Structure formats: structure tokens, C-alpha cells
Amino acid sequence: MSTEETLSNSSNESVEEVKNISSFHLFFKQLWVMIKRNAILQKRYYKSTLTQIIIGPILFLLLLFILQEADNQQSLKSNLHPLSYPLDGVQPCQGRDVNSPCINLMFTPDTVENRAILFNFAKNNEKRTGNSLPFSNVTLEIGKVPDETLGIVPVASSDFIYDYTLHHPNFTTFGIEFTSVAGPPINYRYQIWFNSTLMANNSDIFSEQVLAFQRGIDEAIISFTSGDSATSQTSATFNINLKDWPKLPPKQISNQIISQFGATFFFCANMIIFISILNTIVTEKEEKLKDNLITMGLKVEIYWLSYFISNSYLIIICSLITCLGGLAFGFFVFKNSNFAVIFLTFLLFGLAMITFGFFVTIFCRRSRVAVLVGIFLFIIGLLFESFVFSNEFIGYIWWDPTTNSAGRYILMFIPFFNFGKIFLDISHLTSGKIDELTQTLIPGPGFKWDDLFKKIDDTKQIPPPIQSLYFLLMNIAFYSFLTWYFDKVIPDEYGNRVNPLFFLTPSYYGFKFKKNFNLQDWLNRNKNSNEDEKHDDDDVADERISAFNPEYDVALRICNLRKVYRQSLFVKSELDKVAVKNLCLTLKESKCLALLGQNGAGKSTTINIISGVVRATSGDALLYGYSVKDDINQIRTIMGVCPQHDILFNDLTAREHIELYAGIKNIPVEEIQKLVDERLASVRLNKVADKLAGGYSGGMKRRLSMIIATIGDPKILFLDEPTTGMDPINRRYVWSFIENFKRGRVIILTTHSMEEADVLGDRICIMAHGKLRAIGNSIRLKNKFGGGYRVSLVTRIEDSIKLKQWMQNIIPEATLEDDSAGSLLYELPISTLPNLPTLIKWLEENDEKSIIEPDKKLIKSWGISQKTLEEAFLRLIRDANPGGYSGYEKTTNEINQ
Ligand SMILES: Nc1ncnc2c1ncn2[C@@H]1O[C@H](COP(=O)(O)OP(=O)(O)OP(=O)(O)O)[C@@H](O)[C@H]1O
């Protein structure tokens, strides 16, 4: 069967048959081809896919392993001979800043004995450290801090020390209160006050400073009791050396690094897939690939579902590899856990991040923005996992009764918060802890399936781990729902959006209360009194009447279609652009309508409205009885669109493109290969069928776009400048294809090629400023606006006056358009057609090429031609732009200026 026969046979299929495709079958067919397409791309970009699912997790596991090993190397070291070092004296005090004043020591009560003891202390300490601690005569007041650093200051009572340090924290290094009891023997008692929280004051509880101070005081007491006077040399000095116990490495090593940083690292591994999803989906949106799939009949739900499934198996593999890798590296979190629990944790987290990613893509129109948003979320998540969930104290603080619960109610909507919590729970039970005192590992009890349902710590309010898994499941459902909803209600770049309450309408669920369609009602609804109509050309006015005539049987009927591109959603503006003005058109089956017009005339907008890409501001179109406004989904099943700019997947071949769209159009599998070969051959792309479309030339891409539009043998075909960039030979192949294809369908094409409109257009419309200026077939337009014929005559300069007189006699209506150096150009109106034979006869007789007396002949050469469509077009454009055509469509504002 020839291409022509196949096309005409398939076009005989009734519209009803086309639309009555089982929606169940179509659903799975479309889902299957979309998953297949995703799989092809994943395979084609196997390096990126492998990075996402294998290299990513393994790399992060390896990093964790290296870190863990480095940490263990430290703790595995034995230190059998720790160095011994002498205990030093008390260092000078330090205020809030290095040079700000401070108090070294306050003491009470101020007695002679105590002064003598402290004098001894200061003397010995100065010898050891060079730090002089003189007695101060300043009387401290609670409300004041001294202007200079003080050494040893007597104060009234221990209450004063308490109050003073309370009012001026981090100001005083030590305080001492003597409470010696008289003997004999005298019981020397004292209490040291120090600041355990401020390391800068050198008084940390574990530091040597307290020890040094105590040693100094004890020395001083001994000197005092042994009779050394306060002024003499101190006889008693204690030299103390400090030395650590020999250290043996613990028998078992801990997994502290993975418990602390595991959540961070596994989050990072997951983010590779997350950012890749953002980039892929938003790039498809930016390049209008998604819109094109939808226009070709793909259900938007299937688009998302296919991406969910295609990424789900990546997540499954990635989670498996993470769990198996974790086991192979011997991490406790994996070794001591129930495999199902840990796998489920990674799986649900991965799936929740996929749906979260889908949701984010709804708000991004440019892939660059999407990647930036991805990186931003990555940094937030990284900080979250590394600071919040790196230890139990901060990680569980969200469930502390003193913490406001609002925070965790908000955070549970973020998948990485829920992941961090359950990972903390798992590491709490699986990773052992090194006992600081015994330096031995106390292994964790492990995480069993039942532990999912138990509280981690009965004493705290922390919920059982299963709650985080439920929240992850909730995240999946929540973000899937939001993606589905907002994808519909957020306006696209043309301002199209669905009513926010669309889900309350029965039609959304396929229940259509079949009202009997009444054409007259529909016509009445779209009737509109229009001032502009008065200036319509006769044919345009007739076309308007035909469009509103219910008796007139046509496949396409456009009534008062109008589109205003608004600058603002809410207010009218001078900058609003009326792209299409109350357009009325009709077209019968098996006809092709060619839309001609200057740049910005409204041709693409017209096609975009009828194909459902853009919503009309008012008016409507009926295609085979379906209203564009109400039945666009049905129209999509019977239409094909070749958009003005090629919308192709650079990474798919021509064959894969056709297979994809054939699946979307529900073409039986057994017919697809035949269709691929036949269609590609018809536009001579069969030799490059298996080459990636990204490598095609402009003309090849155009031909592929054209062929895609014809898949599924649509009853309505929209071709927006289908042959732009094609060489003349290929253009003719495409023309011949379109000519064959139009039987039993309607084709609407826009073009800037007069030749193309002439060859293909059964009806030609010329538009300017959104308005229909002329309509008819090529001959009619040429005759009506092209103005008849053109005669060129060449004579000797001296004979030109004579020749002009002759022309005047034969055809008085002829107008001389050009007269230069004996070359004359006449324009003949169509009314002169009866005179043409006489003119031609006369021209032949007077042509010097004739053999009889050539020297005496008047005319050196001549030519006669019918005016072209281009001339008709130019005239209409000239008329439409009395002020001159600036090359682009002006805004209302510019026109007014
Ligand atoms: N999304 C839009 N927002 C605002 N104005 C728009 C938009 N799309 C088109 N227009 C304006 O509407 C007018 C008609 O545009 P349209 O693309 O339909 O013209 P066209 O006849 O197809 O032009 P061309 O031959 O250059 O493709 C132009 O002035 C254009 O600037």
C-alpha cells in the first residue's frame, strides 16, 4: 500500500472511533511509553545514572569509612608511657578581653592568719609563674567593677563573693572562704570558688588551675603552721608531677563517625538524584517538551507518574546499594539493624525527596533557577543533618517538653527532618558507645523490627521511630498531591490555568452530563457586536456570515476568536496586546487553510488557541463538533501540532520520537514500526532514523517535527511555519506529503512563503494586526489584490514615446509604472483581460525578433505575467500599515504615540 493510500485509509476512521479509545488501555500505554523514554535516556546517560545510584552512595559510604577509620586509628593507639609533666602555678586572671581588668582572687574573712597564708601563696606562685598577686586595698562594691586588674582582694563575706560573681560573671578567677576551726589541732578548712564554664578564666574544673591553686594554698598553710613567718622564706613546697595512666586501645572499636555524620552523608548521596530531577523536569518545561507531550494527548498525571516510577527504581537500587555497602563496610548502623528497617528508611526518604523535588519544579520555569534552588535546599539540609541530627542532645531537643511543638509540626513536612530523626533512632540503638572511664565499648542492643514501634527512651517524650516512617509516607502523598494540584492551577507562561476548584467538577472525573450540543446556542453565545466588522473586506464579511450560519457544514468553525495578552492579571494596561481580533473563519474537510501575515500578525496565537496551548479571551472554535473551550481533551485526541519552534528531545532519535508519540496516541505496537519507516521515508529522514535529534540540521528537525504532528493520523493538523529552514528539494517532499495527507482532515498552516501558501492553501487568509484582512483562494486574492497583469516592454529610447501612444490606444486602462531608458513597465487591471489577445498579437507583430523587416520593428523584447500572491500580500500589508510597517507589531501604547 502506498503512503497515499495508507493516509487516506486511516483518515477514514471516524472521529468517534478515535475518541472512544479505552481510557484504561490508553493510560497504561502512555505510562509505558513514557517510562520507556525515561529508561532510554537513563541508559543513554548511563554515567549520570550510575553516579546517581551507585557511585554516589558508594562514594559517600567510602568517605564515611575513611573518616571512621581515621577516628578509630586515633582511639586504637596505645600510650603505654604517658609523659609526666610538672604542675604549674596559677596563671594571671583574664577578663572578658585579654586586656580588660579582672580580679585574680577574692578572699574572706579578712584576718591576719588568712592574709599570712595568702601572702605565702602569692610569694610561691610568683616564683613559679612570675605572676605577681599583690594585696589590694580596694573595697569592692556590688554595683561596680574595678578599672584595673586586682590581685588578692579581701571581701566581707562569702555572700559577697556570690553576689559579686553573679552580677559580674566571668570577671573573677578564684574566690576563697576560710572557715578554719580552732584546735588544737587547728582544723584548716577552706572553700574554693571558681568558674567552671569559662575556659578563658583558666578555672575549668578539669584544668590544672584549680589543682595549682589548691596546691598553693596547702603549701601556704603548711608554711604558716610550721612557724614560717609571713615574711620569711617558705619552707614547705610541694612539687607535683602529673602523669596519665598507660592507655590500652579498646577491645572493640565504636562507629561514632557514622552515628554522628551518617545522616549527613546519606542525605548528600540522595541529593544527587534530587538535583538531577529538578534539572531534568524544569529543562523539559523550559524547552516546552512537557507542553508538547500534553498537547499531543499525554495526560499530565501520567507525565508525573512516569517520572515517579522511573526515579523510584533508581531509589530502590540506590537504597539497596547503600544498605549492602554499609554492611560490607561493617557499619554498626547496618550490621546491627533489621535489614528491612534500614532499607525502608532509605527507600521512603528517597521517594519523599522525589515528590518534594516534583513540587519544587512547579515553581521554577528556568532550569538554572531550579538548580540554584536545589543547591540552596542542599545546603539547608546539610546544615540540618550535620548540626541538628549529629548528636542526640540537639536531635531530640524538638521533642523536649520545654521546646515549642510548633517547630516540629512544621519540620515534619520536610523529608530530611524525618529522615534525620529515624536515623538518629537507629544509630541510638545500633552504635555502641565507648565508656569514658573504662575505655571499653558498650555495644548497642541493635534495632529490631519491633523497635520501630517502641519509644527510644521511656523517660522522654520522643515518639517511636515508626512515626518518622509514617511522616515520610505522608510526605510522599502530600507532595504528590501538591504537585498534581499546583501543576494545574498555577498559570503557565501564557497565563493558562485551571479553576482552583476543578476537582469539584464532575467533568474532571470523566462524568460529562451529555447535554445535546446545540450549534445555534453555541453560535449565539459567541456572537458579539463588533465595530471593526464595518471595515471588513467583502470576503471577510461573507466569511463572518458563513461562520455564523448553522446550515453551513464545515469541519472547522472559528467564531469571534479574540486574544488579549495582558500585562497584569487584574488591571487593563496600555501595554496589553490584542493579538487576535474577533477572528471568524471556516474550513471544510479535506482542505488546507494557509494563514499569511506580517510578523506578529497573530497567526501563531490563532493556532495556539485552537490547539489548546493558549486560552482565548473571548470567542471559541468548533473542530469536528468539539469546542476548544469545553472539549480540548477530546480535540487533543484528534489533532496534531507542529509548533513554530522545534520541540524535540535532543537525546532521542527520530525513531524513538515517533515510537514515543505513537504510544501516546495509542497506535497498536505492531503498526508502529511500519509507521516509523513510512513517515520517515516520506520526508527523507529514514537514513538518519537512529541518529540523535540533537545532531540534526534545522531543516531535518523541522521535517521530524512535521512528521510527529501527523502521528495518530489526526483529523486536524496544525502546522506553524512547517518548512522554515528547508532546502527547496526537501520542501517539495514535505508539500507533497501535506497535499496527500489532507484528505479527510483539515490542515491549518501558517507560513511566510507565498509559494507554499499558493501550492498548499485551498483557502488563504491574510492577517495584519490580529485581524483578518482577506480570504479566498490564491486566484481570487491575486485577482482582487494583485491587480491583474504586468507587461514589460523594451524599445529604443527614441521610440519610447511612440510605443507609449500605441499602448494607450490598445489598452487605455494600462498604467505606466516605470519608464527608464526605453524600458517600460505597465500594470494592467483585471478588467483588461478581454484586450489581452489583441495586445499579445500586436506585441508579436512588432517584435524585432520576427523575421519580417526586423529593423523596422518597435519592440526589442517584451514580457507579460500575472501578478503574484506576494504582490497581493504586500498591497494588503501596505494598506494595513498606512504609517509604514516598522517590521514588528506595535503595542497599543506605541500606536497611540
Ligand atoms: N506570550 C505573549 N505575551 C505577550 N504578547 C505576546 C505573547 N505571544 C505573542 N504576543 C504578541 O502577540 C502578537 C501576535 O504574536 P504571534 O506570535 O501570534 O504572531 P505571528 O503572526 O505568529 O508572528 P510570526 O510570523 O513572527 O511568527 C505579537 O505582537 C506578539 O508580540
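Counting convention: from 1, in listed order, for ligands and their atoms alike. If you're wondering where the values come from, they're calculated on a predicted model, not measured in any experiment. Position 1 is the first residue of the sequence, and the numbers go up from there.
- Cation-pi geometry between R544 and F548 is not satisfied (NZ or CZ under 6.0 Å from the ring centre, within 45° of the ring normal).
- Cation-pi check for K588 over Y552 is met; the charged atom lies under 6.0 angstrom from the ring centroid and within 45 degrees of its normal.
- The N/O atoms of G602, backbone and side chain alike, include one that comes under 3.5 Å of an N/O atom in ligand 1.
- Look at K563 and you'll find every heavy atom at least 4.0 Å from all atoms of ligand 1.
- Comparing A579, G600, A768 by heavy-atom distance to atom 19 (O) of ligand 1, the nearest is G600.
- Interface atoms of ligand 1 facing S604, defined by a heavy-atom separation under 4.0 Å, are 17 (O), 18 (O), 20 (P), 22 (O), 27 (O).
- Aromatic rings of W484 and F481 (six-membered ring for Trp) have centroids within the 6.0 Å cut-off, being under it.
- Of all atoms in ligand 1, listed by their number and element, those nearer than 4.0 Å to a heavy atom of E721 are 25 (O), 27 (O).
- Judged by the 6.0 Å distance and 45° axis criteria, K488 is positioned over the aromatic ring of F502.
- The proximity of M767 to ligand 1, defined as any non-hydrogen pair under 4.0 Å, does not occur for either the backbone or the side chain.
- Listed by atom number, the atoms of ligand 1 under 4.0 Å from T605 heavy atoms are 14 (C), 15 (O), 16 (P), 18 (O).
- With respect to R37 and E284, a salt bridge is recorded, a charged nitrogen being found less than 4.0 Å from a carboxylate O.
- N777 and R763 share no side-chain donor-acceptor pair at under 3.5 Å.
- With a heavy-atom cut-off of 4.0 Å, K603 touches ligand 1 through backbone and side chain alike.
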